[in-house]
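First up is the structure itself, then whatever we jot down about it.
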Amino acid sequence: MPAPPSLSAPQKALRKLGLARDIDLALHLPLRYEDETRIVALRDVQGGQAAQIEGLVTSNQVVLRPRRQLVVTLDDGTDTCQLRFFNFYPSQQKALAVGTRIRARGEVRGGFLGRQMLHPVCRAAEGALPQALTPVYPTVAALPQAYLRKAVLAGLGRADLSDTFALGMAQRLRLPAGWGLREALQFLHHPRPDTATAALEDRSHPAWQRLKAEELLAQQLSQLTSKRERDALRAPPLVGLPGGLHEQLLAALPFSLTNAQRRVGEEIARDLARPVPTHRLLQGDVGSGKTVVAALAAAVAIDAGWQCALMAPTEILAEQHFRKLIGWMEPLLAPRGLRVAWLTGSQKKKERGAMLEQVASGEAALVVGTHAVIQEQVRFRRLALAIIDEQHRFGVAQRLALRHKMQPQPDEPPGPPREPHLLMMSATPIPRTLAMSYYADLDVSTLDELPPGRTPIVTKVIADSRREEVVERIRSQLGQGRQVYWVCPLIEESEALDLTNATATHEALTAALPGVQVGLLHSRLPPADKKAVMARFEAGEMGVLVSTTVIEVGVDVPNACLMVIEHAERFGLSQLHQLRGRVGRGAAASACVLLYSPGENGRLGETARARLKAMVETHDGFEIARRDLEIRGPGEFLGARQSGAPLLRFADLEADRALLEAVRALAPAMLDHHPQLAERHVNRWLGGKSEYLKA
Ligand code: ADP
Ligand code: MG
C-alpha cells in the first residue's frame, strides 16, 4: 500500500517497516539495550568498560592537533575524563559549555593521557535515571531512534494485549507462569537493569519463549484455517476406470514403477477421488521420476472425463514434458479421439489458435505448456486437474489463475463453484521443519527412491586455474561417445562481477575441441534457437552444451555424463544439486566438476566453501536441502511461494523445533473450540498478511 504523500518522512519509514498498527509497533522488539539506569563513579571505572558517568564540564575547547576535535573535560568529583569529538556541531559544543552538568555514556578508555571517551552519547543531567534498560530498535535512516522509541512506547500503551491463549495453552506448552503477551512485551521493551542479558540475547528468557509460542501459534492457526477453508471447497471426484487409460499407461511404460512411485501414486489417487480439491506437493529428488507420476494422475483425470493441465516454468522443460507425454499418451489417447496439446508464449499465431481450439473443445485431454497455459484467452472445456512442475518458481498469483480456469459445467451440482485439483511438484525437498511451519497447509508426498540402474555421480571441486585438465577430461568423455554440459552463471559480464561469460567459454571450448559441436544456450536466445540447440544435443549430434542456468531444471539426456559448473561458488546449494542431477541418468559412470575461482585474497568465502563441501559430501536431496536452509535461512528458501507473506521473526525453526511441534499439536483444538480467540490471535499477529498463505 503506497503511503499517502501527506505523511512525514519518519511516518513513511514506519509504514515501510510494516509498523502500521499499534500492535505492530508493540511487536517491534529491540535489537539490543543500553544501560542508562546507573551512574558509575569515574574512580571505579575500569579501562575499556562501557559506563554512564555524570559530572560538571570544567573545560571545553576545540584543538587542531593532531586532528581538529572538540575536547571537553568532565569532573565527577572522583576523577576527570576527557570527552573527544572528531565530528561535532556548534550546537553540541554549546550544550557542553563549561559549568553544565551532563551525563555521558560510552566506553571509558584508560591510558597515558588519563581517562577518555570517544564520541560518548551526552545529555543534560536532568530528571531521575530511567528504571529500565533503554531499548535500541532496528530502524532505517529516515527513522531516528528517538522517534521510533516514542512511537513504540505509544503503540505499546494503546495496543490490545489481552490474552488469546486458550485451553491452558501456556501450561501445556510448558511456558513459565506469569508471562502473558502483555508482560512479555512490556518486559522486552523495557527490561529491568538486573536482567541477565544472555537470556535476552539468546532468546531463552521466558518473555521470549512466550512471544515465540505466540508467533508459531499464529502461523499454525492461519495455515490450518486455509487448509480447512480449502477442504470446504468442492472439486469433481476423479477415479480411474478399470481397463482405462491409467491401467493402459501403466502397462505401456517401458519400465516398472519404483515402490516410491507406486506409493505416491496411490496417495495422489486417493486425493483425486475425493470431492474436495487436492492440494498436494510431490517432492522428489532430481531424477526420481516425478513426470510419470504426473502422467498417471493425468490419466486418472482423463479416465474420469476431464482435462488436465501441466505447467512448467521454462519452455525447454515444458517441451521435454510435452515430448515425453506425447510418446507415452498419444498412442492411447488417439483411439479415444483425444490428444496432447502444447501452449507456449513463442508459438506461431496459427499453431496457437489451433491449440486453443483443441483446449476449448476438450479434444486436448492433456495440455502441456509454460505460463501460457494460464493466460486469459485459454479456455478449458473441462479442466479438473492442474499440475505445476518446479512449483517454487511460480508465484501465488499464477497458482490462483490456474485454480480459476475451471469452467462451470452443465452437469454442475448446485452449490459453490468447483475448483480443479492441484498437484505441485518440486525437486527441492522441503526440510521437515519448514514442512511443519510454512507449508503446514500442504499435503506432501515424497519420492524417496531413485529408479534402478543409476550410477553414482563423483563430485570434484577444482580450482579454475586447472581448467586445462578439465578440458582434457571432456576430450576423453567425448572420445567414448559421451556428452558434456558446461554451465556458466551469467550471460553478460557485469562490471561488479568479473565473470567469464558463457559466450567466451563457448568460444574457448570450440577452439580447444576441434571437430566437436559445441552449442551455446542462454536466456537471451530466441526460443526457436534454444529449441534447435536442445534438439541437437538431445539427438547426440552436439558433444558439449555450454549454457547458463536455463538447463537448471528438468532436461533429461541420459548420454550426458559430465557436468562442469564454472564459478560454482556463485551458485546456491539447491541449484548446484539440481544441475548435478542432469548427469548420472544413464548407465555410464558420471561426474560433476565444480570449478571455482577464489576471491581477491586467494580464498573462497565461508558460505561458498560450505556449499561446495556439502556437494562433495552428500548426494541426498534432503540433506542438501537441510544444509541449504542452514546456510541461507528460510527467507530465500521459500522463494516465490511466500513472497509477501510474513516470515517468522522471533522463533527459529531449528532451535525452537520442540516448541513448534507442541504448538502444532494444540492448534487444531484451539480452532475447534475457540474459533473467535483463534481469529483474534491470527489477526493480531498477521493482520492482512495471512491472505497470502491461502493460495
Ligand atoms: P524428475 O523427478 O527429476 O522430474 P523424471 O521424471 O524426468 O525425473 O525422470 C527421470 C528419468 O527416469 C526419465 O528418463 C524417466 O523416464 C526415468 N524413469 C522414471 N521412472 C522410472 C522407473 N520407475 N524406472 C526406470 N526409469 C524411470
Ligand atoms: Mg522433472
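Indexing begins at 1, ligand by ligand and atom by atom, following the structure's order.
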Task: Straight-line distance of Glu390 CD to Ser426 OG, nearest 0.5 Å - done: 6.0 Å
Task: Atom indices of ligand 1, in the order listed, that fall short of 4.0 Å to a heavy atom of Leu257 - done: 23 (N)
Open item on the list: Under the rule for salt bridge (Lys or Arg N to Asp or Glu O under 4.0 Å), what residues qualify as partners of Glu617, not counting sequence neighbours?
Closed with: Lys613, Arg627
TODO: May I ask whether Met425 places a heavy atom under 4.0 Å from ligand 1?
DONE: no
Task: Ligand-residue contact atoms, ligand 1 with Lys324, heavy atoms, under 4.0 Å - done: 13 (C), 14 (O), 15 (C), 16 (O)
Task: ligand 1 contacted by Gly287 (non-hydrogen, < 4.0 Å) - done: yes
Task: Side-chain donor-acceptor contact under 3.5 Å, His567 with Glu569 - done: yes
- [ ] Calculate, to the nearest 0.5 Å, the distance between atoms CZ and CG belonging to Phe322 and Leu310 respectively.
- [x] 11.5 Å
Open item on the list: Show the atoms of ligand 1 that are less than 4.0 angstrom away from any heavy atom in Ser256.
Closed with: 22 (C), 23 (N), 24 (N)
Open item on the list: For Pro558, which part has a heavy atom under 4.0 Å from ligand 1: side chain, backbone, both, or neither?
Closed with: neither
- [ ] With sequence neighbours excluded, tell me which residues meet salt bridge (Lys or Arg N to Asp or Glu O under 4.0 Å) with Asp303.
- [x] none
Open item on the list: Check this for me, if you would: do Glu661 and Arg664 make a salt bridge, where the nitrogen-to-carboxylate-oxygen distance has to be below 4.0 angstrom?
Closed with: no
Open item on the list: Looking at ligand 1, would Ala294 count as a contact under a 4.0 Å heavy-atom criterion?
Closed with: no
TODO: Measure up the Trp328 and Phe255 rings against each other and bin them: parallel (under 30°), tilted (30 to 60°), perpendicular (over 60°).
DONE: perpendicular
Open item on the list: Using a 4.0 Å cutoff against the non-hydrogen atoms of Thr258, which atoms of ligand 1 qualify?
Closed with: 23 (N)
- [ ] Output the list of atoms in ligand 1 that are nearer than 4.0 Å to some heavy atom of Ser288, sorted by atom number.
- [x] 2 (O), 8 (O)
TODO: Spell out, as yes or no, whether a donor-acceptor pair under 3.5 Å connects the side chain of Glu449 to the backbone of Ala260.
DONE: yes
TODO: Check ligand 1 against Thr291 and write out every atom of the ligand that is under 4.0 Å from a heavy-atom position of the residue.
DONE: 4 (O), 5 (P), 6 (O), 7 (O)
Task: ligand 1 contacted by Ala427 (non-hydrogen, < 4.0 Å) - done: no
